[in-house]
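Okay, structure first, notes after.
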Protein chains: 2
Amino acid sequence: MKPDHPARTRECQTVSELLSRIGDKWSVLVVASLGEGALRFSALRRRINGISQKMLTTTLRSLERDGFVTRTVFPTTPVQVEYQLTELGRDLLCPVGALAEWAIRNQARVDAAREKFDRKNKPATQRPAVPLNV
Amino acid sequence: MKPDHPARTRECQTVSELLSRIGDKWSVLVVASLGEGALRFSALRRRINGISQKMLTTTLRSLERDGFVTRTVFPTTPVQVEYQLTELGRDLLCPVGALAEWAIRNQARVDAAREKFDRKNKPATQRPAVPLNV
DNA sequence: CGGGATCCCGACGGATACTG
DNA sequence: CAGTATCCGTCGGGATCCCG
C-alpha cells in the first residue's frame, strides 16, 4: 500500500478514535486495574485513588458499551456489582501494555525535552502567583 | 513485583499521562503523517484534512515540546517551516503502530458491542434530528 | 506562508446531595 | 453499596481576523 493511500487516512482515524476513547483521564487506569481480576465498584474506586464516583461510573459505562468490561449485579442487600474484563478487554491490554512500557522507559526523555523547551521558549510564562492585593 | 505494588500505580499514571497527550484529537494523525518524512505546515494541513490551523499549530507545539518533532524555519520570503520526527518520535511510532493494528483489527468487534449495548439500554436516546420549524 | 490573538461554545470532569 | 441528578468551573477546539 502506498504511504499516502486513501485507506491509510481512514486507518489513522480509526486509531485516533480508539485513542480518543481510551485516552481519556481514567479508562486506562480502570482497564489496568481490572487486568488482574474482577473488582467491585468500591474496590475499584479505592484502588484508583483520585477518581470521583461519577467519573468511575461514566468510565465503566463507556468501557461496557465498547465491550471491554462486563457488569454483573448481585441482588444482595445492599447490592453488589462486579466488573470484569471481557476477552476483548484483556486483548486490548496487550498493545496498551506495549505503550505502557514505552512510556515508562522514555518518560525521562520526554521530561528532559519538555524542560529544555520551556527553558528556551518561555521563561516568562511564570504566573505572578498572587497579583498582590490590588 | 506484586500486582498491587505502589509503583504499579505510578506506572499506570505515567501511561495515563502519555495517553492524555497523544490521545487528543490530532496528535496521532500528525505523528503518523510525519512518519514517512518531513513536511511543511501547509502540506501537513492539506494531508490531515479536517484540522484547523490553530489546532495544527497547537498540536505541533505540544509535540515539539515533548521532543517528538523538530521545527525548522527557512528564512525565505515567505517563510517556510518544516516539521520532522525526532528519533524519539519515530520510536514512539512503534507502540502506536501496534495499537493502530489492534484498532483496525478489532474495530468491528467494538462497533458490534456498541450497537448491541445501545439497542439494549437506550432505544430512546435518539435525537429528533430536526425539531421542526418551531 | 505560517502563524498569533480573540471570541465563543460545548464537552469533560469535580463536588455535592439524594435514592433504591 | 452503587449509583443518579444537579450545579459549576475549566478546557479543548472551531471560526475569524490580523500580522511579519
Side-chain angles (χ1 to χ4, degrees), chain A residues 13 16-30 33-34 38-66 69-84 117 120-122 124-125 127, chain B residues 13 16-30 33-34 38-66 69-84 117 121-122 124-125 127 131:
Chain A
Q13 286 169 349
S16 258
E17 287 167 21
L18 177 72
L19 282 173
S20 293
R21 288 197 300 277
I22 67 169
D24 66 10
K25 198 171 178 180
W26 302 108
S27 289
V28 175
L29 295 185
V30 171
S33 297
L34 291 174
L39 285 176
R40 289 175 48 192
F41 188 88
S42 317
L44 262 176
R45 189 172 174 194
R46 256 175 281 115
R47 175 177 276 239
I48 295 194
N49 197 10
I51 194 169
S52 65
Q53 110 283 54
K54 172 188 170 181
M55 287 319 296
L56 182 53
T57 301
T58 305
T59 303
L60 284 168
R61 284 288 178 285
S62 173
L63 292 173
E64 185 192 1
R65 187 170 106 100
D66 288 347
V69 309
T70 58
R71 176 176 180 271
T72 314
V73 181
F74 297 94
T76 56
T77 45
V79 206
Q80 290 196 7
V81 181
E82 195 179 80
Y83 291 92
Q84 189 170 195
F117 184 93
K120 185 162 44 180
N121 293 44
K122 298 271 177 175
T125 314
R127 296 283 165 204
Chain B
Q13 287 169 349
S16 256
E17 287 166 21
L18 178 72
L19 282 172
S20 293
R21 288 199 300 277
I22 68 169
D24 65 9
K25 198 171 179 183
W26 301 109
S27 289
V28 175
L29 295 185
V30 171
S33 297
L34 292 174
L39 285 176
R40 289 176 48 193
F41 188 89
S42 317
L44 261 176
R45 188 173 175 191
R46 256 175 281 114
R47 175 177 276 238
I48 294 195
N49 199 13
I51 194 169
S52 64
Q53 113 284 51
K54 172 188 170 180
M55 287 320 297
L56 182 52
T57 301
T58 304
T59 303
L60 285 168
R61 283 290 176 282
S62 173
L63 292 173
E64 186 193 359
R65 186 170 108 100
D66 287 348
V69 309
T70 58
R71 177 175 180 271
T72 313
V73 182
F74 297 93
T76 56
T77 47
V79 205
Q80 290 196 7
V81 181
E82 196 178 77
Y83 292 91
Q84 189 170 195
F117 183 95
N121 293 44
K122 298 270 178 174
T125 315
R127 297 281 165 207

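Letters A, B, ... mirror the listed sequences (proteins, then strands); counts begin at 1. The structure displayed is predicted, hence computed values, not measured ones.
Looking at B:Thr57 and B:Phe41, their side chains come closer than 4.5 Å, going by heavy atoms from C-beta outward. Side-chain contact between A:Ile51 and A:Arg45 is present, with at least one heavy-atom pair separated by less than 4.5 Å.
Among the protein residues, B:Lys54 comes within range of the nucleic acid bases, having at least one heavy atom under 4.0 Å from a base atom. Counting non-hydrogen atoms under 4.0 angstrom, A:Tyr83 reaches the backbone sugars and phosphates but no base.
You'll find that the side chain of A:Ser52 is closest to C:dG14, out of C:dG14, D:dG14, D:dT4. Closest approach to the A:Val81 side chain among C:dC7, C:dA15, D:dG3 is made by D:dG3 (side chain taken as heavy atoms from C-beta onward). Which of D:dG14, C:dG14, D:dT4 sits closest to the side chain of B:Lys25 comes down to D:dG14. Side chain of B:Pro78, nearest nucleotide from C:dG4, D:dG3, C:dC1: C:dC1.
To the nearest angstrom, C1' of D:dC1 lies 14 Å from CG of A:Leu60. Distance, A:Ile51 CD1 to C:dC12 P: 15 Å, rounded to whole Å. Per the geometry, CD belonging to A:Gln80 stands 16 Å off C1' belonging to C:dG20, to the nearest Å. When rounded to the nearest whole Å, the span between CE of B:Met55 and C1' of D:dG12 equals 6 Å.
Looking only at distances, a side-chain donor or acceptor of B:Ser20 sits under 3.5 Å from a matching main-chain atom of B:Ser16.
For D:dC1, neither phosphate oxygen OP1 nor OP2 lies less than 4.0 angstrom from any side-chain nitrogen or oxygen of A:Arg45. Considering only side-chain N and O atoms, A:Arg61 lies under 4.0 angstrom from the phosphate OP1 or OP2 of D:dT4.
Just one residue in the list B:Leu63, B:Leu60, B:Thr70 forms a side-chain contact (heavy atoms from CB on, under 4.5 Å) with B:Tyr83, and that residue is B:Leu60.
Judged by atom type and distance alone, A:Gln53 does not reach the base of C:dG14 through any side-chain donor-acceptor pair under 3.5 Å.
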